[in-house]
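A quick write-up on the structure given underneath.
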Amino acid sequence: MAAGADVRCAVLALLVLDLLATGGDATGPVITGQYASSADKVVLSCNMSAPHAPIRGHKWMLGDKTLKAEEGNSDSFITYTIEGKVEEHSGVYECIYETNPVAKGNVSIEVQPQVVAYKKSEHGNEGDTGVLTCKSLSYPPVGNWFWFRSDQTPVVNGTDRYIIKSNGNKTELRILKLSIEQDTGDYHCNGTNMLGPGSATVNLRVRSRLAALWPFLGIVAEVLVLVTIIFIYEKRRKPDEVLDDDDGGSAPLKSNATNHKDKNVRQRNAN
Ligand SMILES: *[C@@H]1O[C@H](CO)[C@@H](O)[C@H](O)[C@H]1NC(C)=O
Ligand SMILES: *[C@@H]1O[C@H](CO)[C@@H](O)[C@H](O)[C@H]1NC(C)=O
Ligand SMILES: *[C@@H]1O[C@H](CO)[C@@H](O)[C@H](O)[C@H]1NC(C)=O
Ligand SMILES: *[C@@H]1O[C@H](CO)[C@@H](O)[C@H](O)[C@H]1NC(C)=O
């Protein structure tokens, strides 16, 4: 009995050793990535477990953008600091060690959708198509977008005059044949990912066709008023001028002018 237990123990120990050995060989050093955030900064870090090949440097990347590169740094624990709120810097960051072969780890910053309205206030003319747009550039992308009226009634794609087009970054609500009574008001775009919801509000104002004409009508009215004023002025001026001519007051002026003319004539004659 005792001998049997010893053998079993030995076999178990060998198995554990085997697992450790093959595990180590197959995966190589392990890179642990994580982040810590405060109100105004986010610190990403990667740590490569020993043993590992000599490190000749490292870099941090987001997508295909290199954020920081340090040649000649042999540290296995590396950090990268981002100024700002964590919500605005979500994404999958990569730490890349220059070893042979290159070793990569990643730090994934995941947040609830940070939804913003493309324009907080939109306006359209009666009868036209209204377009309301919201976007979220946070990670993970939005899985589902919903639109609601301000009274929480859902706006359903394909019903009434609504067409909704969405992807992970963006949602667009088109309202056909805008109506002042039915469509004016607030619309909420709500996006959700696995971390929760996010939303923004867009206010839609619908102007009447006539309102769109107001500036034009204003100019027409202005021109009409000016033309009328000029017309009245001209009509009233003519009799005035006639009166002026008959007026005694203008007689001396006339005689002055004739005197002047006479003088000139005299001068010319003298010369
Ligand atoms: C990095 O990982 C090693 C184990 O591989 C650990 O001993 C060390 O404390 C870690 N360094 C930091 C700064 O976490
Ligand atoms: C809304 O419906 C149209 C077709 O009627 C479709 O092309 C579009 O993908 C739909 N949008 C959503 C968000 O389901
Ligand atoms: C988000 O937008 C980018 C371009 O800004 C695009 O490359 C990417 O495919 C979009 N993502 C999704 C999930 O649509
Ligand atoms: C959608 O977002 C608005 C705020 O923008 C919020 O009042 C409303 O409760 C949300 N609706 C749902 C169903 O999440």
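Just so you know, ligand 1 is whichever comes first in the structure, and atom 1 is the first atom listed for that ligand. Basis for what follows: all heavy atoms, side chains included, without hydrogens, waters or symmetry-related copies. The structure presented is a predicted model; accordingly, all values stated were derived computationally and were not measured.
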**Message:** Between Ile96 and Glu98, does the side chain to side chain contact (heavy atoms under 4.5 Å, CB included) criterion hold? Intermediate values first, please.
**Reply:** CA-CA 7 Å; Ile96 301 163; Glu98 281 179 41; 5.8 Å; no

For [X], take its heavy atoms, then give the atoms of ligand 4 lying under 4.0 Å from any of them.
X      : result
Asn190 : 1 (C), 2 (O), 3 (C), 8 (C), 10 (C), 11 (N), 12 (C), 14 (O)
Thr201 : 5 (O)
Gln152 : 7 (O), 8 (C), 9 (O), 11 (N)
Ser199 : 2 (O), 3 (C), 4 (C), 5 (O)

Quick note on ligand 1: atoms under 4.0 Å from a heavy atom of Ser49 include exactly 5 (O)

Subject >> Audit row: Val202, Cys134, side chain to side chain contact (heavy atoms under 4.5 Å, CB included) steps and yes/no >> reply: CA-CA 8 Å; Val202 187; Cys134 289; 4.1 Å; yes

Is there side-chain contact between [X] and [Y], with at least one heavy-atom pair below 4.5 Å?
X      : Y      : result
Tyr97  : Cys46  : yes
Arg207 : His123 : yes
Val131 : Glu122 : no
Glu70  : Asp75  : no
Asn190 : Trp145 : no

Check: N/O to N/O below 3.5 Å, does that happen between Asn47 and ligand 1?
Finding: yes

For Pro141 and Asn193, the nearest pair of non-hydrogen atoms, with its separation, is O-CB, 3.4 Å

Just the distances, no angles: every ligand 2 N or O to protein N or O pair closer than 3.5 Å, one line each.
{"residue": "ligand 2", "atom": "2 (O)", "partner": "Asn157", "partner atom": "OD1", "Å": "3.3"}
{"residue": "ligand 2", "atom": "2 (O)", "partner": "Asn157", "partner atom": "ND2", "Å": "2.4"}
{"residue": "ligand 2", "atom": "11 (N)", "partner": "Asn157", "partner atom": "ND2", "Å": "2.8"}
{"residue": "ligand 2", "atom": "11 (N)", "partner": "Ile164", "partner atom": "O", "Å": "2.7"}
{"residue": "ligand 2", "atom": "14 (O)", "partner": "Asn157", "partner atom": "ND2", "Å": "3.4"}

Query raised in the report: Where do Leu137 and Gln114 land on the side chain to side chain contact (heavy atoms under 4.5 Å, CB included) test, with the steps shown first?
Result: CA-CA 7 Å; Leu137 294 181; Gln114 306 295 304; over 6 Å; no

